[in-house]
Amino acid sequence: MTVLDDSTAPGLVGPPHSHGPRRDPAPLLPDPEPVRILGTPAAKTFDAELQRDLYRRLVLGRRFNQQATTLTRQGRLAVYPASTGQEACQITAAMVLREVDWLFPSYRDTLAVVARGVRPLDALTLMRGHAHSGYDPYEHRIAPLSTPLATQAPHAVGLAHAARLRAATDPAAAEDLVALALVGDGGTSEGDFHEALNFAGVLGAPVVFLVQNNGYAISVPLASQSAAPSLAHKAVGYGIAGRLVDGNDALAMHSVLSAAVEHARSGRGPVLVEAVTYRLDAHTNADDATRYRSAAEVDAWRARDPLTLLEGHLRAAGLLDDAGVAAAAKAAEVLAGEIRAQFDNPPDPDPDSLFTHVYARPTSQLREQAAELAARLDADADAALAAATDAEDEAR
Amino acid sequence: MTVLDDSTAPGLVGPPHSHGPRRDPAPLLPDPEPVRILGTPAAKTFDAELQRDLYRRLVLGRRFNQQATTLTRQGRLAVYPASTGQEACQITAAMVLREVDWLFPSYRDTLAVVARGVRPLDALTLMRGHAHSGYDPYEHRIAPLSTPLATQAPHAVGLAHAARLRAATDPAAAEDLVALALVGDGGTSEGDFHEALNFAGVLGAPVVFLVQNNGYAISVPLASQSAAPSLAHKAVGYGIAGRLVDGNDALAMHSVLSAAVEHARSGRGPVLVEAVTYRLDAHTNADDATRYRSAAEVDAWRARDPLTLLEGHLRAAGLLDDAGVAAAAKAAEVLAGEIRAQFDNPPDPDPDSLFTHVYARPTSQLREQAAELAARLDADADAALAAATDAEDEAR
Amino acid sequence: MSTTMVAALNAALRDSLREDASVHVLGEDVGTLGGVFRVTDGLAAEFGAQRCLDTPLAEAGILGTAVGMAMYGLRPVVEMQFDAFAYPAFEQVVSHVAKMRNRTGGRMGLPITIRVPYGGGVGGVEHHSDSSEAYYAHTPGLHVVTPATVADSYGLLRSAIASDDPVVFLEPKRLYWSAADFSPAEVSTAQVPPIGRAMVRRPGTSATLLTYGPSLPVCLEAAQAARAEGWDLAVVDLRSLVPFDDETVCAAVRATGRAVVVHEAAGFAGVGAEIAARVTERCFHHLAAPVLRVTGYDIPYPPPMLEKHHLPSVDRILDAVARLQWEQ
Amino acid sequence: MSTTMVAALNAALRDSLREDASVHVLGEDVGTLGGVFRVTDGLAAEFGAQRCLDTPLAEAGILGTAVGMAMYGLRPVVEMQFDAFAYPAFEQVVSHVAKMRNRTGGRMGLPITIRVPYGGGVGGVEHHSDSSEAYYAHTPGLHVVTPATVADSYGLLRSAIASDDPVVFLEPKRLYWSAADFSPAEVSTAQVPPIGRAMVRRPGTSATLLTYGPSLPVCLEAAQAARAEGWDLAVVDLRSLVPFDDETVCAAVRATGRAVVVHEAAGFAGVGAEIAARVTERCFHHLAAPVLRVTGYDIPYPPPMLEKHHLPSVDRILDAVARLQWEQ
Ligand SMILES: Cc1ncc(C[n+]2csc(CCOP(=O)(O)OP(=O)(O)O)c2C)c(N)n1
Ligand SMILES: Cc1ncc(C[n+]2csc(CCOP(=O)(O)OP(=O)(O)O)c2C)c(N)n1
Ligand SMILES: [Mg+2]
Ligand SMILES: [Mg+2]
């Protein structure tokens, strides 16, 4: 048997096959370990006023989580999925966005919604059970909190793409906006997450996906969710940049997230940011987290509480003193008082609202159904009135 | 303002956060360029008999594609999505599997099904329009050809996982099987692809995903499908190994695919293989490919026809001569004749089969409906008979 | 001018793209190829690849992207390549498209048109011939529209795209190549049919056939054949399943006292059940017989060689009419 | 012994896992946590994490994996965490689970049980209270079962898991904490109710209420209240929507000549339409009035503070009964 000396048949084979030029993967891969600033030399050059601001906001955020949890105990909220321990993610997600930008929150991100300016009562309407969404998405440029996981991620892509389309055809109306979509570690497993990242990559849309990897999807730990080196490693598969950051380091979060947002804004394409963090509270007030995680684990993460870390750093750096801490705490109490006041006598929902916004104009079928309900409620009211009158008569 | 010297507050921050140990991504990343063997020194050490076998099978495969396409022109097949140009992928996909293994083909993979031993008529039943699937999946260990794209990928994961489960609980029944799922470049965009790879990674199931990247999803080119450096780069996001291979190099295909299958079989986890190839024919016989690609592009890829490449290499290597080529061609004609014979008088489907396999036992509703249809068909037959008798009477 | 349904749909898209800069078409193969049925033929060439976008192959992604585009004020027209390939987008349809206006208290409507070529009779292999209208019709918040004629294809698609609500627009693929004397250029805005009105396609006195989409021609044929049996059948084309035109339908049924509903989809819990139930609720004392249904069997759509047995046929319709208790 | 519905379901899973090594439970949070409703409580501890598997968060992936497991001969029992979160798996349900036996000519059946906690009345935020039965009931190839009592929860789930066909098993979540005197240990195999048989829960002579799942207790309460109005109402619990028990249902309707169908799902094209239509087809001359429906409105499921207006109530049922043309 003669064996081919490949030098004899070079023309036969030619260069390797491909469908177009290959992109270099290196810039898309995340660092092996999460980006940190606290405790590193970079902390020294970080704007001092911004650091103080981050601290004050984190304190407010923590108080918000506590107050909302209290409201569930009082039965004023049906449910609240607290973001305690994730405040550095929530706060910076709101901070790095400009007014023109859009936020696409997941069900756990009420704090980010409030941090972007929505009145607490309105941000919590869904959890109160009064209406599905309590704020005007156009006023705040915030999509409704998304309960079906990861389903809002393609919406962020579509909106960001649409803004580019408008800018191209109508430069006068151009808005240099970025859409920021918030997803959990569990949410990354959904098909919609995949499809959103792929569309973003292909369209080059100005979107940032922030994955708050808090280690659990309800009870399911990360190891049962993904075998990837990091969730940020998913980015390369879509041709987009992946970044890994310490989600409990407020300075790192602010720095990485603003860079990602400006990367997207400047037309350099979407970014996937994975923030490694931890949910210190249970999944919601209805959950019993002791069923699936140890006190030791929670304690270890409590020692890395983003607020404690930042406060310690600021004190050590001389940027914060007892007076500053007290002032922040006082502002937090003012916020908590405002929330309580908003929940004191919130309006009741109108039954007719069941029918008014199903379509732009109700169908004849819905008009019939609304009339039926109205008649029944009227009859009930009449009956109640009659009963009350009878009782009065009797009493007289 | 004093700035923190990080050495002053080391205890504050500690090591970076993570949820468990991080896997090294390096072994999961594909080579930058597709693996090739033809025209490289590795070709010299490649088993000679296997090379000749590959050649003969590729010739049969090509003839199968041609014959099936001819059947569409004769109206004997409703539709045929040819894999012309992709025969090296199709043939090796079948060859590298053992009898115990399972194949999960996509709608374009009839050739792989035939190469695994299914009678052409049965493999083509779906395309003929006689029944949905013409072969027994358990006899051949081949799932039905999947028309909804990528939906069969999670089935492969589930089956491979189930085999492991059984082996663990009942070692006597252990089957060391691998499931091979075939997906197109377009199919990688679907959510089901993502979810399947993620489950495979988490479960460590013995699955190989072979993506035949033929550059198009019907008319949509790869650049509109994905911005990734390669589709094999998606693997790292699931913690599984990614491999990139020249899909028109039969030796490379065989080598990479068998390595992947044995990797999975030996318990080292799933593999994603991207084979870069090209569909030389239109999407199906009903498609007009000139609408979306140039003759020059097709010609360039025709020059890289896997069959031509292999034949040229084998001739140059002295492994093939005119007699060998003629023998292979003759065997191909025998196959073509067999296919034509099978299609000569294929049985007609029985209308009652509409109802018999919707459930293990038909519901009372289906029994009613079947009876209604049977009565109508009987009446039609009676009417036809009466008409024929009348005509006979008249003729007499 | 002889125009096919495909050409009429194409004209509707073209005119909508021309008149309204916010209209954007997206889907698999809609651009360069012009769609597998050529409904989007030439649109990318005329309006650019961005107005008629070839997307990646992922239906939830397509529709989810369209939701985001609509949030920003665009009017996306999405093509799902075939009925069964719209199922991956089902969560987006049910949990977002249908609900967004409601969940935001009317603040955020989604003017999305979802075009779905549907139904059988074209010899398609499995998963290419589903009739999926019941899934959408049962989902509050969606309009569900299906044209049966060339003129309606143009007019209803214009109305769907102009609607401020999401519309699932079901195109009967076996009528794609049907043709009629129709010139889109001559249609004035005033003539465009509104969504929500049924149409009596044939008056009649003996019984009323209620149908839509691909089954309209079959019903008209049955009505023609019924004359030989002495029946004068009325035929109503529903055109819009949601909103439902109770007025026209009930008037047509009351006038004859007998009715048969005809559609291709499986009968069990199909739209025909709703029609039969609501007509019975509203016209009970006018009915001489129960409203009967002629539908696809309760089976997965059959392979091409058997589909003729499954589809409502003239014979099956006449059999049902014969069972309308005439001797009573 | 007082047993809740959750406990009865848990016992059914436990007994199935114990008796048949091919039974495997999988889903989100079913393992360590025991499910968000605790239906799988303790199963992972008793049978190991592999028999009761915590999966990644991806419903199509879960069901697709279960399809593969069933192909290999296992009997997967899948939990979808909530009704609306089953929609991402819709394509797998419709295009594979429902069709696999048929598309393989009977060679490959898929004995999968898909457990779906469904319906409202528990104060759930949006997407947590959908009644999705019509989507499944309209899909040929699926069995659709829904228990309304503690005993049936146990028995029907045992039957569903034992079935060689795929079963969508809809658990009325607002009855999860209802309790009854029932001991799973005392149920012999012979007593396990078969799939496909309705049950007359209350005999009656004036009119018949046809219902299932979460609406059964409401109907029983309405029947009780109706006595004050002089009506003796029969109540039929369908238990299985597919296959449908025409025999029991039609007998119960013929006996009274009047019927009301009650369910939580939106009325339009809901399962109630099918019931009304088929009962009318089969019992027309026994009916003194049209079959009426009391259902959820044709709206997205409301927020908790408004759901009481949407759900069928005793009042609404009695109003419907009053409209059954008694004076005639
Ligand atoms: C599509 C979908 N499936 C299931 C659920 C039920 N569910 C609500 S929260 C949750 C876990 C989410 O985990 P993760 O994405 O990590 O977010 P986190 O709760 O940690 O913020 C699950 C399974 C849902 N909301 N949507
Ligand atoms: C879920 C789904 N969506 C759409 C289609 C319609 N369709 C059939 S083949 C095809 C293109 C497939 O492209 P690719 O995955 O690259 O495979 P290839 O045809 O190149 O083998 C499309 C869009 C389908 N079959 N399934
Ligand atoms: Mg999480
Ligand atoms: Mg391809």
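In what follows, every chain begins at residue 1, and chains take the letters A, B, ... in the order their sequences are listed.
Counting only heavy atoms from C-beta outward, the side chains of B/T92 and B/V256 never approach each other to under 4.5 Å. No side-chain heavy atom of A/W301 sits under 4.5 Å from any side-chain heavy atom of A/R293.
Residues A/T277 and A/N248 have side chains that bring a donor and an acceptor to within less than 3.5 angstrom of each other. Side-chain N/O atoms of B/N214 and B/Q86 include a donor and acceptor closer than 3.5 Å.
Checked against the 6.0 Å centroid threshold, A/Y238 and A/H194 count as a close aromatic pair.
If you measure heavy-atom distances from A/E297 to chain B, you find no contacts under 4.5 Å at all. For a residue to count as touching a neighbouring chain, one of its non-hydrogen atoms must lie under 4.5 Å from one of that chain's; by this rule A/I240 does not touch chain B. For B/L29, the part lying near chain A is the side chain, with the backbone staying farther off; criterion is any non-hydrogen pair under 4.5 Å. For B/P221, no part lies near chain A; criterion is any non-hydrogen pair under 4.5 Å.
With chain B as the partner, the residue from A/S189, A/S226, A/G201 showing the most heavy-atom pairs under 4.5 Å is A/S189. Of the residues considered (A/N198, A/D185, A/L244), A/N198 shows the highest number of contacts with chain B, using heavy-atom pairs under 4.5 Å. Ranking A/E195, A/R22, A/K234 against chain B, the residue ahead of the rest is A/R22, based on heavy-atom pairs under 4.5 Å. Of the listed residues (A/P229, A/G237, A/A223, A/A300), the greatest number of heavy-atom pairs within a distance under 4.5 Å of chain B belongs to A/P229. Ranking A/T188, A/L28, A/D192, A/N213 against chain B, the residue ahead of the rest is A/N213, based on heavy-atom pairs under 4.5 Å. Note on A/G269, A/A232, A/S230, A/A228: by heavy-atom pairs under 4.5 Å with chain B, the leading option is A/A228.
B/F209 and B/F193 have perpendicular rings, their planes meeting at more than 60° on a 0 to 90° scale where under 30° would count as parallel.
No donor-acceptor pair closer than 3.5 Å links the side chain of A/R243 to the backbone N or O of A/A275.
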